[in-house]
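Okay, structure first, notes after.
Within every chain, numbering begins at 1; the chains are lettered A, B, ... in the order of the sequence lines, protein sequences first and strands thereafter.
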2 protein chains.
Amino acid sequence: MKNSQVTIKDIAKELGISSSTVSRALKNHPNVSPETKKAVTDLAEKYNYQPNSIALSLRRSKSNTIGVIIPEIVHFFFSTVISGIEDIAYSAGYSVIVSQSNESYDREVIDTFALSKNRVDGILISMSRETTKYDHFETIHKRGLPIVFFDRVCDAINCSKVVVDDFDGAYQVTRHLIQQGFKRIAHLAGPENLILSKHRMDGYKKALKEHSLEFDESIIIRGRAADNETLAKQLTTQLLNSANPPDAMFAINDRAALGVMKAVKEKGLKIPQDFAIAGFSNWEFTAMTDPAITTVDQPGFKMGQEAAKLLIREIEAEKDEVIEPEIKILKTDLIIRGSSVAV
Amino acid sequence: MKNSQVTIKDIAKELGISSSTVSRALKNHPNVSPETKKAVTDLAEKYNYQPNSIALSLRRSKSNTIGVIIPEIVHFFFSTVISGIEDIAYSAGYSVIVSQSNESYDREVIDTFALSKNRVDGILISMSRETTKYDHFETIHKRGLPIVFFDRVCDAINCSKVVVDDFDGAYQVTRHLIQQGFKRIAHLAGPENLILSKHRMDGYKKALKEHSLEFDESIIIRGRAADNETLAKQLTTQLLNSANPPDAMFAINDRAALGVMKAVKEKGLKIPQDFAIAGFSNWEFTAMTDPAITTVDQPGFKMGQEAAKLLIREIEAEKDEVIEPEIKILKTDLIIRGSSVAV
DNA sequence: TTGAAAGCGCTAACAC
DNA sequence: GTGTTAGCGCTTTCAA
């Protein structure tokens with residue numbers, strides 16, 4: 001177990017020169033004689049010299065590492081985000097430390113401080129579902145550590161954020177349903193206190209209005225169905241059995257869409273011929289489930305990339321340079337899969 | 001942007017004592033007077049002192065960080081593995097740096113050296129599909145950096161590994177099919193040069209033999225169908241249309257299982273009543289697809305945990321202690337989902 | 001063109 | 001019980 005990496009000192013000693021000269025030679029400093037430079041680089045090559053990045057971090061007070069906190073890694077959307085982050089970070093010379101809060105507030109607080117203690121240069125975070133207090137963010141943000149939120153952002157902190165254009169996505173997908181010829185489009189909405197739900201509802205309404213379809217409260221499902229597949233299915237069945245049933249449904253997320261789908265199949269309707277389903281998706285369920293559902297794709301990879309870019313920009317800003325926080329709103333993608341598949 | 005974290009020195013200065021005393025007080029060294037200790041800890045608390053982990057790393061030549069290289073993050077199996085790694089690493093006080101090779105050999109080599117350069121204390125790796133040369137592992141392993149392989153392991157390196165018990169998994173799932181009353185069980189096998197394929201084939205054979213069913217080469221699908229859904233479907237259809245068709249199929253992986261499933265559905269057979277399907281799964285496809293398929297689950301979380309444990313054990317071994325490499329073979333889980341779902 | 005020295009933050013051996 | 005000193009590996013003035 002020889003753990004001996006060569007250091008600048010070793011090279012200096014072998015060459016009988018000082019370590020400062022070696023350091024200079026290695027980084028192409030102008031004032032080094034060509035001969036010394038050659039001798040040094042040759043030897044460095046021979047011994048496969050690797051600068052000790054920890055020493056560098058200490059010297060520069062910069063770790064070239066960014067920390068990421070997500071609710072859970074085992075989730076298509078979030079792992080996609082990480083992939084995007086890694087993509088940008090890697091090219092910019094940063095390592096990525098990943099930690100998951102497991103949707104726990106306590107764990108998120110611990111993770112936040114752990115990353116800070118580990119001297120990451122900045123933090124990317126998507127909040128846990130439990131989080132309603134923001135002191136931990138406040139603390140490290142005040143301390144000068146750059147933070148960028150993505151997807152589940154925190155309004156209380158004045159920093160850069162990356163989110164998805166819910167309004168536009170909802171508008172687009174509803175318009176798509178209308179263009180496909182569906183005339184009575186229901187909406188399984190999310191909790192009314194979430195701004196996200198409101199945005200999607202507004203997009204839905206805009207599309208209806210634009211095509212002179214009236215907004216009908218009786219085909220809106222509200223309440224907890226968005227988080228409850230069984231309830232979603234049940235309420236959809238009710239709608240389907242009503243006097244004036246819808247011929248399509250825009251579901252707020254994929255859990256809801258799954259419930260809707262089951263109800264529609266049980267009723268014996270063909271998707272998307274008899275009844276069309278569309279929904280926002282963070283690819284938790286529907287992606288793998290049914291090619292006949294049109295989804296508004298949350299662009300995870302892009303989101304990771306953009307968040308990482310914003311963070312690195314901030315990290316690398318000059319000391320006195322003032323960086324204005326930027327809210328990046330990403331357009332969604334409408335994913336229309338082949339509807340030729342038997343359902 | 002005040003980036004000023006308090007240091008031991010700051011505390012020492014304010015208290016008019018030396019930094020070594022502060023250091024000692026902070027870590028409860030016996031030879032510090034209670035008063036000094038109190039004064040120091042109070043002040044540390046007040047200023048929210050956080051030891052600089054980079055300085056510590058430099059001092060101890062230990063980063064308390066482990067590197068992970070996986071083919072791709074956006075994959076249910078691998079993200080599950082990371083989750084398991086993170087679980088163990090976190091409790092043991094290690095950070096996890098994740099990098100993905102994207103199934104590219106070149107990128108894997110780069111990642112390997114990048115992690116080594118970043119002074120991680122050890123590396124966990126699952127090889128890229130492309131990798132057939134192992135010099136990069138050899139190099140860093142010789143340098144004394146602990147490595148543990150998982151899932152896609154490298155036989156050429158003498159180090160600890162974590163794999164799945166393919167033989168037993170195949171045996172169990174085949175036996176399960178037999179116990180369900182199926183009598184003519186086909187097998188969609190993997191590439192014959194892979195040891196994994198051989199193990200699974202052997203497990204399959206053992207189960208047949210144990211129940212006095214004869215091994216029939218005519219219902220074995222070999223070749224490239226394991227990596228090709230379309231081909232899998234096609235060859236399955238052939239089998240189903242043959243004179244003496246099978247009544248069940250054990251597929252080597254989930255891509256294959258998916259092809260089989262499509263063929264069976266197209267044929268109009270009910271799963272699992274008319275035709276049963278079972279397969280090894282790393283949850284790439286089938287997991288979300290069909291509750292009627294019995295899967296042999298590759299325990300990703302456990303695998304991550306075990307790999308991390310082995311690695312940390314090695315990292316934390318005393319200098320002169322010799323750690324024998326250990327090959328950990330994890331049992332698979334047989335996942336039998338409710339077959340009550342309409343198919 | 002090069003070397004000596006200081007320092008990033010921390011710890012530990014050695015003095016007193 | 002506490003201070004001094006040296007050093008982890010590197011860079012960067014300052015002086016020669």
Side-chain angles (χ1 to χ4, degrees), chain A residues 3-41 43-44 47-65 93 116-121 143-144 319, chain B residues 2-41 43-44 47-65 93 116-121 143 319:
Chain A
N3 207 349
S4 54
Q5 285 274 57
V6 245
T7 72
I8 274 193
K9 216 167 153 187
D10 298 328
I11 297 182
K13 195 180 297 173
E14 176 150 350
L15 253 39
I17 57 180
S18 80
S19 10
S20 21
T21 308
V22 176
S23 170
R24 280 188 283 249
L26 252 17
K27 44 177 36 193
N28 254 314
H29 192 92
N31 292 343
V32 184
S33 78
E35 305 86 58
T36 341
K37 193 173 293 180
K38 177 146 180 28
V40 169
T41 47
L43 208 56
Y47 289 146
N48 187 23
Y49 166 76
Q50 306 256 61
N52 183 324
S53 60
I54 293 178
L56 278 175
S57 295
L58 183 60
R59 183 87 233 284
R60 301 210 244 266
S61 339
K62 178 160 187 299
S63 61
N64 267 62
T65 301
S116 156
K117 191 177 141 194
N118 272 332
R119 296 304 202 273
V120 295
D121 294 333
R143 220 183 268 160
K319 269 270 174 265
Chain B
K2 44 180 207 171
N3 207 349
S4 54
Q5 285 275 58
V6 243
T7 71
I8 273 192
K9 217 169 155 185
D10 299 328
I11 297 182
K13 195 179 297 171
E14 178 152 349
L15 254 37
I17 57 179
S18 79
S19 8
S20 25
T21 306
V22 176
S23 170
R24 278 189 285 247
L26 251 19
K27 44 177 38 195
N28 253 313
H29 192 91
N31 292 343
V32 186
S33 78
E35 305 85 58
T36 337
K37 194 173 291 179
K38 176 142 180 31
V40 170
T41 46
L43 208 57
Y47 289 147
N48 187 21
Y49 166 76
Q50 307 255 61
N52 183 324
S53 60
I54 293 177
L56 278 175
S57 295
L58 183 59
R59 183 84 232 285
R60 304 211 243 268
S61 341
K62 178 159 187 296
S63 61
N64 267 61
T65 300
S116 153
K117 192 178 140 192
N118 271 332
R119 296 303 201 275
V120 295
D121 294 331
R143 221 183 268 160
K319 269 270 174 264

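Rounded to an integer number of Å, the gap from CG of B/Asn118 to P of D/dG9 is 16 Å. Atom-to-atom, NZ of B/Lys117 to P of D/dC10 comes out at 12 Å; the value is rounded to the nearest Å. Taking atom CD1 of residue A/Ile8 and atom P of nucleotide D/dC8, one finds them 13 Å apart after rounding to whole Å. Rounded to whole Å, atom C1' of D/dG9 lies 8 Å from atom NZ of A/Lys9. Distance A/Leu58 CG to D/dT12 C1': 14 Å, rounded to the nearest Å. Atom NZ in B/Lys62 sits roughly 16 Å away from atom P in D/dG9 (whole-Å rounding). Spacing between atom NZ of A/Lys13 and atom P of D/dG9 amounts to 11 Å, rounded to whole angstrom units.
Using a 4.0 Å heavy-atom criterion, one finds that B/Ile54 contacts no nucleic acid atom at all. At the heavy-atom level, A/Ser57 lies nowhere under 4.0 Å from the strands shown. When heavy atoms are screened at a 4.0 angstrom cut-off, B/Asn52 is found touching the sugar-phosphate backbone but no base atom. Residue A/Leu56 is classed as a sugar-phosphate contact, given heavy-atom separations below 4.0 Å to backbone atoms only. A/Arg60 comes within 4.0 angstrom of no nucleic acid atom, judged by non-hydrogen atoms across all strands.
At the phosphate of D/dG9, neither OP1 nor OP2 sits under 4.0 Å from any side-chain N or O atom of A/Thr7. Applying the 4.0 Å criterion to OP1 and OP2 of D/dC10, one finds that A/Ser19 has every side-chain N and O outside that range.
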> Could you walk me through whether A/Lys117 and B/Asn52 pass the side-chain hydrogen bond (donor to acceptor under 3.5 Å, both in side chains) check?
Replying inline: CA-CA 7 Å; A/Lys117 191 177 141 194; B/Asn52 183 324; over 6 Å; no
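A heavy-atom distance below 4.5 Å is found between the side chains of A/Val22 and A/Ile17.
If you find the closest nucleotide of DNA chain D to B/Thr36 and to B/Arg119, the one lying nearer the 5' end belongs to B/Thr36.
A/Ser20 and A/Ser23 are not linked by any side-chain donor-acceptor pair at a separation below 3.5 angstrom, with hydrogens and angles left out of the test. Side-chain contact of A/Tyr47 with A/Glu14: a donor-acceptor pair under 3.5 Å is present, judged by distance alone.
Between the side chain of B/Ser20 and the base of D/dT4, at least one donor-acceptor pair of N or O atoms lies under 3.5 Å.
From the 5' end on, the contacts that DNA chain C makes with chain B at under 4.0 Å to a non-hydrogen atom open and close at C/dC8 to C/dA13.
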